[in-house]
Amino acid sequence: MNLLYTVDNNFVPQLAANICSVVSNHSGIQDITFHVFSNGITEDNQRLLQEMVTEYNQNLVFYDISNFKDALGFDFDTSGWNEIVLARLLMAHFLPNEIERVIYLDGDTIVLGDIALLWNQDLKGCVVGMVPEPTVGPSRLNDLDLNGCLYHNAGVLLVDLKQWRSTCCEDQLLDYCERRSGRLFANDQDALNAVLKDKICSLSPAFNYSNIFDYYPFIFLNSLMSGFSDENSFNTARSKPIVVHYLGEERPWRRGNTHRFNNEYHFYLSETFWKDAKDEDGWGAYFLAWRTFNFLTRPFPQLRYKVISGLIPAFLKYRASQRNK
């Protein structure tokens, strides 16, 4: 099995916790090679990660992607997101040709079940498997010309790289990004949905479980995006997710968070060389306001959805201004 990550040095503790969680929950039938697109990971951290994976009797390969902007071939306005998110579009550029199938995982994920369950999913002839994100609004869907297609989150991808290469997906995606630079809300995720809309196999929420599935009931989410999941799959995913994606600002490495899967992250982190990594401070007031907001709006999902939908663009503008300082 091949697993791919794109991370910088700041996210090494999260990467280590993820790798530990993958190995700890894997059946062991198939060997795993962890492929890490490194944007500035230090030699010391690379050595420690290599030592950890060797102890697991698995394989780890680093790829220096510090020049990935040159591979893009154009300047791109990410509107506040970390620029490294674009690197996953270059997976075929950096990975060896003999790799024909790969699981991509965002660095802010943790694995609570056997990753082979994702690896063995039938893509039904599609290029990529992704989990729908039902909270994406109609204006964004129209902007991407999805024409009734489901919108998907790109934090977890199961990719048929052989077909990705043969159908020139990378060229199409980069061309779309260049044409839409600065006008895509979620950058490469929007590009993946717009360009590959008829080549995406929708997967169970269990394979990319975020807190939106906790905050909203199935009936409300299905009213936003009909067919994103069946109710049985949704309930199974809710009770026992395979991959948890720490989407949004409520992340377990931020002090004061009450994420449902906070303890799981810290457990796997404690099994790594980064067990003493400190949580981020300065989030106390935010999380107090967040908990209050969630308590008050839980009985009113429609109200909550409207408020959140209005706040996200404003927050991204703020984050972009902070990154440009």
Side-chain angles (χ1 to χ4, degrees), residues 21 25 103-106 108-142 144-160 185-186 188-248 250 259-261 264 294 297-306 308-309 312:
S21 73
N25 292 290
I103 292 173
Y104 167 83
L105 296 175
D106 266 359
D108 58 351
T109 59
I110 210 80
V111 177
L112 303 182
D114 190 350
I115 198 66
L117 295 172
L118 174 56
W119 179 259
N120 292 324
Q121 288 293 299
D122 181 5
L123 290 180
K124 303 173 184 176
C126 294
V127 175
V128 59
M130 303 169 71
V131 172
E133 185 175 330
T135 52
V136 173
S139 62
R140 190 154 144 223
L141 297 177
N142 291 335
L144 298 173
D145 195 26
L146 287 180
N147 298 321
C149 298
L150 300 179
Y151 184 93
H152 300 78
N153 185 276
V156 178
L157 307 172
L158 175 61
V159 184
D160 180 344
F185 178 82
D188 61 318
Q189 179 172 283
D190 281 353
L192 284 163
N193 278 278
V195 174
L196 304 181
K197 56 187 175 184
D198 57 348
K199 301 174 183 176
I200 298 175
C201 176
S202 296
L203 303 176
S204 164
F207 295 117
N208 187 353
Y209 192 86
S210 66
N211 53 15
I212 65 169
F213 299 122
D214 287 323
Y215 292 139
Y216 299 108
F218 172 81
I219 191 169
F220 177 74
L221 292 175
N222 199 52
S223 71
L224 295 177
M225 188 175 289
S226 179
F228 83 94
S229 173
D230 65 82
E231 190 166 8
N232 287 336
S233 295
F234 178 84
N235 290 333
T236 300
R238 201 177 224 182
S239 63
K240 197 172 182 181
I242 306 297
V243 181
V244 172
H245 187 184
Y246 297 112
L247 200 62
E250 190 177 24
H259 196 285
R260 178 183 164 201
F261 295 102
E264 285 78 357
N294 287 328
T297 60
R298 184 169 292 276
F300 312 104
Q302 183 68 51
L303 173 63
R304 184 186 194 280
Y305 177 71
K306 286 185 176 180
I308 291 292
S309 297
I312 289 177

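- Under the rule for a ring-ring contact (aromatic ring centres under 6.0 Å, His included), the partners of Tyr215 that lie at least two apart in sequence or sit in another chain are Trp290.
- Inter-residue side-chain proximity for Leu118 and Val156 is flagged as met; some heavy-atom pair is nearer than 4.5 Å.
- With a 4.5 Å cut-off on side-chain heavy atoms, Val244 and Glu264 do not count as touching.
- Thr109 pairs by the side-chain hydrogen bond (donor to acceptor under 3.5 Å, both in side chains) definition with Asn18, not counting sequence neighbours.
- The side-chain heavy atoms of Phe261 and Leu112, taken from C-beta on, include a pair separated by under 4.5 Å.
- Shown here are the side-chain hydrogen bond (donor to acceptor under 3.5 Å, both in side chains) partners of Ser233, two or more places apart in sequence or in another chain: Asp230.
- How far CD1 of Ile308 is from OG1 of Thr135: 9.5 Å, rounded to the nearest 0.5 Å.
- Residues satisfying the side-chain hydrogen bond (donor to acceptor under 3.5 Å, both in side chains) test with Asp214, not counting sequence neighbours, are Tyr209, Arg260.
- For residues 108-129, the set of pairs meeting the salt bridge (charged side-chain N to carboxylate O under 4.0 Å, His left out) definition, not counting sequence neighbours, comprises Asp108-Arg251.
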Mind listing the side-chain donor-acceptor pairs of residues 195-206 below 3.5 Å, one per line with the distance, residues two or more places apart or on another chain?
{"from": "Lys197", "atom 1": "NZ", "to": "Asp145", "atom 2": "O", "distance (Å)": "2.6"}
{"from": "Ser202", "atom 1": "OG", "to": "His152", "atom 2": "NE2", "distance (Å)": "2.7"}
{"from": "Ser204", "atom 1": "OG", "to": "Ala206", "atom 2": "N", "distance (Å)": "3.1"}

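- Considering only heavy atoms from C-beta on, Leu192 stays 4.5 Å or farther from Val128 through its side chain.
- Rounding to the nearest 0.5 Å gives a distance of 7.5 Å between CG of Asp106 and CG of Asn153.
- The closest side-chain heavy-atom distance from Met130 to Leu157 is below 4.5 Å.
- Sorted by first and then second residue, the ring pair (Phe, Tyr, Trp, His ring centres under 6.0 Å) pairs involving residues 115-141 (not counting sequence neighbours) form an empty list.
- By the ring-ring contact (aromatic ring centres under 6.0 Å, His included) test, Tyr246 pairs with Trp253, His259, sequence neighbours left out.
- Between the CD atom in Glu250 and the CG atom in Asn294 there is a gap of 7.0 Å [rounded to 0.5 Å].
- Heavy-atom minimum distance, Asn208 versus Phe213: O-CE1, 3.7 Å.
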Show which side-chain atoms of residues 216-223 pair as donor or acceptor with protein atoms under 3.5 Å away, not counting sequence neighbours.
{"from": "Tyr216", "atom 1": "OH", "to": "Arg304", "atom 2": "NH1", "distance (Å)": "3.0"}
{"from": "Asn222", "atom 1": "OD1", "to": "Gly227", "atom 2": "N", "distance (Å)": "3.0"}
{"from": "Ser223", "atom 1": "OG", "to": "Phe220", "atom 2": "O", "distance (Å)": "2.5"}

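- Residues passing the side chain to side chain contact (heavy atoms under 4.5 Å, CB included) test with Arg140 are Val136, Leu144, Tyr151, Phe185, Ala186, Gln189, Asp190, sequence neighbours excluded.
- At least one donor-acceptor pair under 3.5 Å links the side chain of Asn25 to the backbone N or O of Val111.
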